[in-house]
Number of protein chains: 2
Amino acid sequence: MPDESLIALSHELRLACMRISRRVRFDSGGGLAPHQFSVLARLDEGRRTPGQLAECERVSPPSMTRTVKSLLAAGLVTREADPDDGRQVFVVLTAAGRDVLADTRHARDAWMMARLEELSEADLVVLTEATGILTKVAGR
Amino acid sequence: MPDESLIALSHELRLACMRISRRVRFDSGGGLAPHQFSVLARLDEGRRTPGQLAECERVSPPSMTRTVKSLLAAGLVTREADPDDGRQVFVVLTAAGRDVLADTRHARDAWMMARLEELSEADLVVLTEATGILTKVAGR
DNA sequence: TATTGTTATACTCTATAACTATA
DNA sequence: TATAGTTATAGAGTATAACAATA
């Protein structure tokens, strides 16, 4: 592929992805602030210490302490002591937290689905192929 | 396309777009806070009043006053009085603002391009087709 | 002494309410 | 009286620095 085409594709594809992302976040926020949702999503993979969460989210430990506190107050997470290391604490999703996470994700998926339903079968085939590639691009 | 496939596609495509968007923002922020960049991008389309900016960005007028003030202090925008309506003010990009905007966009495009360069020609063909469709999905 | 996490303090973005100036 | 914008004030997120508890 010639260089100008790759430059143009990079630009337009990035713009489309960022616009879609922005729309999804704006239109179906789900009542949770972005940083709160992000932490819940991380905890869905398993329990994490505040330090791990701070690193993942690229936020300082005190900020994460605060965020965890707000999630605790909302009943979306709990804290568990580490029996092997008294300094550490594990943050864990509660059932309510899992519910909120599921609801928000569902609302976001629904946003996308409503738009895909407007497309032709041919377009959907292209997007199906593209999604695998985009997932690679997104990484991990 | 069967319903389960559409559901799965909605989910995976949304996830890929949001992850890419997040990565781009994290990896090539460009020194500007998201809300500042967003306003500059809007002003790139033409001058806007603080009220218009507040509405576009879904933010209260006082918040926008503050954001505009920070951009003014940084020399990225200026203010112009409306000769026809003394209550209104127009916010306008400066040359420096346009430069910052261009630099940030370039860094973001470069992020995407670095990843596309790793892909096969066949993948790039698919993404080229998909980009037009995704732009429709993103809307406007 | 090093590490994990929290508390102390300050700065920024956000919002609602009140105010100024203009229509 | 209604509208555009700003200022006043308060709430929440973020950061760095200092502190407590544990390894």
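Below, read A as the first sequence line, B as the second, and so on, with proteins coming before strands; counting in each chain starts at 1.
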Which atom pairs, donor and acceptor, lie under 3.5 Å between side-chain atoms of residues 56-63 of chain A and protein residues at least two apart or in another chain?
from: A:Glu57; atom 1: OE1; to: A:Ser38; atom 2: OG; distance (Å): 2.6
from: A:Glu57; atom 1: OE1; to: B:Arg22; atom 2: NH2; distance (Å): 3.0
from: A:Glu57; atom 1: OE2; to: A:Ser38; atom 2: OG; distance (Å): 3.3
from: A:Ser60; atom 1: OG; to: A:Ser63; atom 2: N; distance (Å): 3.4
from: A:Ser60; atom 1: OG; to: A:Ser63; atom 2: OG; distance (Å): 3.2

Please list each protein N or O that sits under 3.5 Å from an N or O in nucleotides 16-23 of chain D, with the distance.
from: D:dT22; atom 1: O3'; to: A:Gly86; atom 2: N; distance (Å): 3.4
from: D:dA23; atom 1: OP1; to: A:Gly86; atom 2: N; distance (Å): 3.0

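For residues 60-82 of chain B, every residue pair satisfying the salt bridge (Lys or Arg N to Asp or Glu O under 4.0 Å) rule, not counting sequence neighbours, is listed here: B:Arg47-B:Glu80. Every pair passing salt bridge (Lys or Arg N to Asp or Glu O under 4.0 Å) that includes a residue from residues 123-135 of chain A is listed here, sequence neighbours excluded: A:Asp123-B:Lys136. For residues 91-107 of chain B, every residue pair satisfying the salt bridge (Lys or Arg N to Asp or Glu O under 4.0 Å) rule, not counting sequence neighbours, is listed here: B:Asp44-B:Arg98, B:Asp44-B:Arg105. Residues in residues 112-122 of chain A take part in no salt bridge (Lys or Arg N to Asp or Glu O under 4.0 Å) pair, two or more places apart or across chains.
In this structure, A:Gln36 places its CD atom 9 Å from P of D:dT14, rounding to the nearest Å. Between the CZ atom of A:Phe37 and the C1' atom of D:dG13 there is a distance of 19 Å, rounded to whole Å. Atom pair B:Leu53:CG and D:dG5:C1' shows a separation of 12 Å (rounding to whole Å applied). The NZ atom of B:Lys69 sits 9 Å away from the P atom of D:dA8 (whole-angstrom rounding).
Two end axes, each from the C1' atoms of five base pairs, can be drawn for the helix from C:dT1-D:dA23 to C:dA23-D:dT1; they diverge by 20°, to 10 degrees.
In this structure, the side chain to side chain contact (heavy atoms under 4.5 Å, CB included) partners of B:His35, at least two apart in sequence or on a different chain, are B:Ala33, B:Thr67. By the side chain to side chain contact (heavy atoms under 4.5 Å, CB included) test, B:Ala96 pairs with B:Leu76, B:Thr94, sequence neighbours left out.
In this structure, B:Thr49 reaches the sugar-phosphate backbone alone: every heavy-atom distance under 4.0 Å involves primed, P, OP1 or OP2 atoms, never a base.
The side chain of A:Gln88 lies closest to C:dT4, out of C:dT4, C:dT14, D:dT14.
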